[in-house]
Amino acid sequence: MTARAGAAARRGEVLFSKPFPQDPQLSCAACHIRSGGFVDHRQHSVGSGGLFKTPTLLNANFNAPYFHDGRYDSYDQVVAHFDRAFELGLSLQDRADLVAYLAAIGDGLQPYERDGVTAQLKEINDFASVLNIAIPAHDTDVLRLRCIRSAANCGNWSSSFPA
């Protein structure tokens, strides 16, 4: 957490590491390991039937909806689920503090963008916008530089979009 984190986030950090009452081996921090980028790369029961891989909490503010099936729109809903499913006995203040902590560690400078179609289309659009200016201006230096830098990407793009 950064120095900007308030008192609620600091209290939430303590709760995040507190063992679950029904199973002292469990805690939020047992699966979301801070030194591992808030992830342990394992599957766990999260009280919804089945085992699910632990997601990282870094930049999570930008990745709603939450939970393995996207059923929750907010951290508050996720915390309430774990409180019910694991009988944590959290007070309203405890829940608010955990939400503040999740918001503090989930904050990032920019959202995480998965390497999917949206990211690839944005890159193609950026490439095309450079060409739209450089071609009419007969700017061969810019065209040469842009095409050399993009040659490998063009092969990757074409394999991503079936003919």
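- Nearest heavy atoms, G47 versus A85: CA-CB, 4.0 Å.
- Annotation for L51: atom CG counts as buried by contact number, over 12 foreign heavy atoms lying within 6.0 Å.
- Grouping the Ile, Leu, Val, Met, Phe, Trp and Tyr side chains by contacts below 4.5 angstrom, directly or via other members, places F82 with V99.
- Note that CG of L102 is 9.0 Å distant from CZ of F38, once rounded to the nearest 0.5 Å.
- Around atom CD of Q25, no more than 12 heavy atoms belonging to other residues, nucleotides or ligands sit under 6.0 Å away.
- K18 has its side chain out of reach of S27: every pair of non-hydrogen atoms, C-beta onward, lies at least 4.5 Å apart.
- For the pair D97 (side chain) and D94 (backbone), a donor-acceptor distance under 3.5 Å is absent.
- For H68 and F52, the gap between ring centers is short of 6.0 Å.
- Checked by atom type and distance alone, the side chain of N61 pairs as donor or acceptor with a backbone atom of A103 at under 3.5 Å.
- In this structure, H32 and F16 have tilted ring planes: the angle between them lies in the 30° to 60° band.
- Using a 4.0 Å cut-off between a side-chain N of Lys or Arg and a carboxylate O of Asp or Glu, R34 and E13 qualify as a salt bridge.
- Between R95 and D83 there is a salt bridge, since a side-chain N of the basic residue sits under 4.0 Å from a carboxylate O of the acidic one.
- Shortest non-hydrogen contact noted between G70 and P65 is O-CB, 3.3 Å.
- No side-chain N or O of Q77 forms a donor-acceptor pair with one of D73 less than 3.5 Å apart.
- A donor-acceptor pair under 3.5 Å links the side-chain atoms of T56 to the main chain of G37, judged by distance alone.
- Taking a 6.0 Å sphere around CZ of R42, one finds it holds 12 or fewer heavy atoms contributed by other residues, nucleotides or ligands.
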- [ ] Would you sort out whether F67 and Y72 count as a ring-ring contact (aromatic ring centres under 6.0 Å, His included), showing the intermediate values?
- [x] CA-CA 6 Å; F67 220 58; Y72 298 124; 5.1 Å; yes
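- Expressed to the nearest 0.5 Å, how far OH of Y101 lies from CZ of R11 amounts to 14.5 Å.
- Across every non-hydrogen atom of F86 and L26, the tightest pair is CE2-CD1, 4.2 Å.
- Residues V39 and P55 are not in side-chain contact: their nearest non-hydrogen atoms beyond the backbone lie 4.5 Å or more apart.
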Task: Full working for side chain to side chain contact (heavy atoms under 4.5 Å, CB included) between F20 and C28 - done: CA-CA 8 Å; F20 289 2; C28 302; 4.3 Å; yes
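- Here the OH atom belonging to Y75 is positioned 7.0 Å from the CG atom belonging to L57, to the nearest 0.5 angstrom.
- I33 and V46 are assigned to two separate hydrophobic clusters, defined by single-linkage of ILVMFWY side chains at heavy-atom distances under 4.5 Å.
- Within the 4.5 Å cutoff, no side-chain heavy atoms of H81 are placed close to those of V78.
- Taking CG from D40 and NZ from K53, the interatomic distance works out to 9.5 Å, rounded to the nearest 0.5 Å.
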